[in-house]
Engineer: 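Have a look at this one.
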There are 2 protein chains.
Amino acid sequence: MTPEPQRPLRADAERNRQLIMRTAERLIARRGPAVTLNEIARAAGVGVGTVYRRFPDLQALIDALFTERFTTFLRLAAAAGQHVDPAQALRQYLLDAAQWRSEDRALDTILAHAGTDTKPIARMRDELGRHVDGLVRAAVTAGAVREDFASADVYAFLHMIGAVADRTHDIAPGAWRRYAEVLLLGFGLQRSPAAHTSAMTEEQIRRTWPEPATRRSADPGRAGRA
Amino acid sequence: MTPEPQRPLRADAERNRQLIMRTAERLIARRGPAVTLNEIARAAGVGVGTVYRRFPDLQALIDALFTERFTTFLRLAAAAGQHVDPAQALRQYLLDAAQWRSEDRALDTILAHAGTDTKPIARMRDELGRHVDGLVRAAVTAGAVREDFASADVYAFLHMIGAVADRTHDIAPGAWRRYAEVLLLGFGLQRSPAAHTSAMTEEQIRRTWPEPATRRSADPGRAGRA
DNA sequence: TCCTAAGCGGATCAATTTATCCACTTAGTG
DNA sequence: CACTAAGTGGATAAATTGATCCGCTTAGGA
């Protein structure tokens with residue numbers, strides 16, 4: 001609930017808060033939303049009480065992580081916006097975000113389980129929306145993408161790349177780039193099939209299908225909370 | 001474990017087995033891997049004992065559902081193979097599988113959580129692999145796709161479409177088609193940008209980002225069991 | 001240095017989940 | 001129809017999880 005406490009935390013408390021969040025990330029990356037606050041406390045080497053005092057429940061912890069993540073999206077969008085060439089700008093945002101998405105193994109769970117109805121989050125979402133919209137509009141106007149390209153395509157792009165990245169991370173780490181390239185081509189944001197980012201080997205495919213998993217968390221883990 | 005009992009089940013038992021599986025699908029589609037066998041029993045209107053006798057645990061139930069699903073993949077691949085035109089064949093498999101993937105809301109969870117090490121499943125996987133390989137090789141030979149197109153791209157395609165479909169199902173049901181088209185274009189399996197399958201509206205985007213979710217199931221729900 | 005508000009940790013309890021067991025019912029063969 | 005192997009359901013034991021509470025410790029201002 002409380003996004004940021006008014007009185008700053010005592011130094012040790014703040015340290016613990018960070019420790020808890022970093023530990024939670026690690027655990028979430030490994031086990032998905034099935035993690036437990038008690039479990040996180042143990043892994044972080046602090047008492048359960050310490051965790052529960054700072055984060056009433058797992059939801060609150062995930063929301064906090066979500067806010068951090070969202071900030072990163074904003075930063076990337078702003079950075080990309082610096083480019084003078086609209087095509088470059090859009091391409092950079094897509095690729096930077098994709099790269100980050102492919103590296104942060106906790107991101108999917110965090111995005112999927114964050115509560116999204118709080119005021120500050122709504123504000124950040126609007127801001128990101130504006131940034132992305134700007135990038136997209138500029139690129140379309142400049143004729144650098146197919147003319148029906150829209151913001152939705154940016155989000156879809158990231159979801160798609162994320163799906164591939166999550167399933168190939170341990171097997172063929174760079175594999176997502178191939179699909180990023182294919183999508184950019186399909187969107188008309190890139191012309192030629194680019195340097196061969198080759199497909200995966202037989203064995204790599206086998207290990208991707210179906211992908212590993214953990215129980216707990218509507219991983220289709222979807223639906224439910226909404 | 002037991003994939004198919006040797007002595008056929010008594011009629012009423014078989015009926016209950018089906019009832020349980022159909023109920024489980026519904027519940028999994030709605031709540032992801034967070035479902036409980038007791039919960040399924042209640043929803044199916046049978047006793048817990050009945051469920052546990054047939055399926056020792058949730059894993060067994062999911063494995064059974066997985067086998068059914070895999071059979072469907074095989075059927076689609078075989079059907080697509082009938083086409084004389086290799087381009088048509090590959091395209092049909094991709095689109096049929098994608099459509100099905102977008103409709104079966106339980107599929108992602110089932111694929112993500114199935115145990116994959118059993119003999120019969122390995123056999124089915126090999127068979128599907130051969131089918132898909134055949135489709136891909138024929139299309140490449142015919143020059144209907146970019147020459148570095150590989151089987152891995154087929155699986156990646158489905159993961160990517162699945163990601164979009166799962167997140168837009170309730171909001172913009174046909175949205176996945178747009179991205180299927182973009183991917184086909186990017187893979188060189190299709191030439192022109194096709195009839196405008198337009199992007200989503202502002203409001204639709206907002207509701208997709210981030211998407212709804214349920215706890216439990218490493219949805220990131222990933223990693224863990226492997 | 002002293003004092004106290006703030007923080008800490010983990011024993012402990014409530015709630016939920018998982019899974020078993022067994023007295024009762026029923027399909028379906030002879 | 002009668003008999004029995006097969007199946008049924010749900011009360012309940014065991015295990016796991018979620019969350020609180022409170023006596024002890026400590027940061028950091030006066």
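Values reported hereafter were calculated over all heavy atoms of this structure, with side chains retained and with hydrogens, waters and symmetry mates removed. In what follows, every chain begins at residue 1, and chains take the letters A, B, ... in the order their sequences are listed.
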Engineer: Rounded to whole Å, how long is the line connecting atom CZ of B:R15 with atom C1' of C:dA27?
Structural biologist: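 Between C1' of C:dA27 and CZ of B:R15: 9 Å.
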Engineer: Which residues pass the ring pair (Phe, Tyr, Trp, His ring centres under 6.0 Å) test with B:F157, sequence neighbours left out?
Structural biologist: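 In terms of ring pair (Phe, Tyr, Trp, His ring centres under 6.0 Å), with neighbours along the sequence ignored, B:F157 is linked to no residue.
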Engineer: Closer than 4.0 Å, any side-chain N/O of A:T36 to the OP1 or OP2 of D:dG18?
Structural biologist: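 Yes, such a contact exists.
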Engineer: Mapping A:R53 and A:N38 onto DNA chain C by nearest heavy atom, which one lands closer to the 5' end?
Structural biologist: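 Final value for this comparison: A:R53.
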Engineer: Mind calculating the distance between CG (B:L19) and P (D:dT8) to the nearest angstrom?
Structural biologist: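 About 10 Å, once rounded to whole Å.
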Engineer: Could you tell me the separation between the CD atom of A:E39 and the P atom of C:dG10, rounded to a whole number of Å?
Structural biologist: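 The distance from CD of A:E39 to P of C:dG10 comes to 17 Å, rounded to the nearest Å.
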Engineer: B:F55: which residues meet the ring pair (Phe, Tyr, Trp, His ring centres under 6.0 Å) condition with it, sequence neighbours left out?
Structural biologist: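 Scan of B:F55 (ring pair (Phe, Tyr, Trp, His ring centres under 6.0 Å), adjacent residues dropped) gives none.
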Engineer: Look at A:T50 and C:dG9 and indicate whether a side-chain polar atom (N or O) is within less than 4.0 Å of OP1 or OP2.
Structural biologist: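 Affirmative; the distance criterion is met.
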Engineer: Which residue pairs pass the side-chain hydrogen bond (donor to acceptor under 3.5 Å, both in side chains) test with at least one member in residues 43-56 of chain B, sequence neighbours excluded?
Structural biologist: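 Sorted pair list: B:N38-B:Y52.
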Engineer: With heavy atoms under 4.0 Å as the rule, sort B:N16 into base, sugar-phosphate or nothing.
Structural biologist: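 Sugar-phosphate contact only - B:N16 comes under 4.0 Å of backbone atoms but never of a base.
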Engineer: I want to verify a distance call: between D:dG10, C:dG10, C:dG28, whose nearest atom is closest to the B:A11 side chain?
Structural biologist: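 Ranking D:dG10, C:dG10, C:dG28 by closest atom to the B:A11 side chain puts C:dG28 first.
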Engineer: Would A:E68 and A:R17 count as a salt bridge (charged side-chain N to carboxylate O under 4.0 Å, His left out) if you check the C-alpha gap in whole Å, the side-chain angles of each, and the deciding distance to 0.1 Å?
Structural biologist: CA-CA 13 Å; A:E68 284 187 346; A:R17 200 181 113 95; over 6 Å; no
Engineer: Grab the CZ-P distance between B:R31 and C:dT16 for me, whole Å please.
Structural biologist: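 It works out to 13 Å between those atoms.
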Engineer: Starting at the 5' end of DNA chain D, which residue's closest nucleotide do you reach first, A:D12 or B:D12?
Structural biologist: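 Of the two residues, B:D12 wins.
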Engineer: Nearest whole angstrom, please: distance from the P of C:dT18 to the CZ of B:R42.
Structural biologist: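 Spelled out: CZ on B:R42 to P on C:dT18 is 11 Å.
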Engineer: With the side chain of A:V48 defined as its heavy atoms from C-beta on, choose the nearest nucleotide among C:dG9, C:dT20, D:dT20.
Structural biologist: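 Nearest to the side chain of A:V48 among the choices is D:dT20.
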Engineer: Suppose the criterion is salt bridge (Lys or Arg N to Asp or Glu O under 4.0 Å): which pairs have a residue in residues 33-51 of chain B, not counting sequence neighbours?
Structural biologist: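 Checked against salt bridge (Lys or Arg N to Asp or Glu O under 4.0 Å) - neighbours excluded - the pairs reaching residues 33-51 of chain B are B:R31-B:E39.
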Engineer: Counting side-chain heavy atoms from C-beta on, which of C:dC8, D:dG18, C:dT18 comes nearest to A:Y52?
Structural biologist: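 The nucleotide sitting nearest to the side chain is D:dG18.
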Engineer: What pairs of residues pass the side-chain hydrogen bond (donor to acceptor under 3.5 Å, both in side chains) test when at least one of them lies in residues 69-82 of chain A, not counting sequence neighbours?
Structural biologist: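 Qualifying pairs, neighbours excluded: A:E25-A:R69, A:R69-A:D104.
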Engineer: Quick check: on DNA chain C, is the nucleotide nearest B:G49 upstream (toward 5') of the one nearest B:L37, or the reverse? Name the residue that is more 5'.
Structural biologist: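 It is B:L37 whose nearest nucleotide is closer to the 5' end.
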Engineer: Rounding to a whole Å, what distance do you find between A:I40:CD1 and C:dG9:P?
Structural biologist: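 That distance rounds to 15 Å.
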Engineer: Is B:R167 salt-bridged to B:D108, going by a charged N under 4.0 Å from an acidic O?
Structural biologist: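 No, B:R167 and B:D108 are not salt-bridged.
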Engineer: Would you tabulate the pairs of protein nitrogen or oxygen atoms and nucleotide nitrogen or oxygen atoms of nucleotides 4-6 of chain D closer than 3.5 angstrom?
Structural biologist:
{"from": "D:dA6", "atom 1": "OP1", "to": "B:R7", "atom 2": "NH1", "distance (Å)": "3.2"}
{"from": "D:dA6", "atom 1": "N3", "to": "B:R10", "atom 2": "NH1", "distance (Å)": "2.8"}

Engineer: Send over the distance from B:Q59 CD to C:dA19 C1', rounded to a whole Å.
Structural biologist: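 It is 16 Å, rounded to the nearest whole Å.
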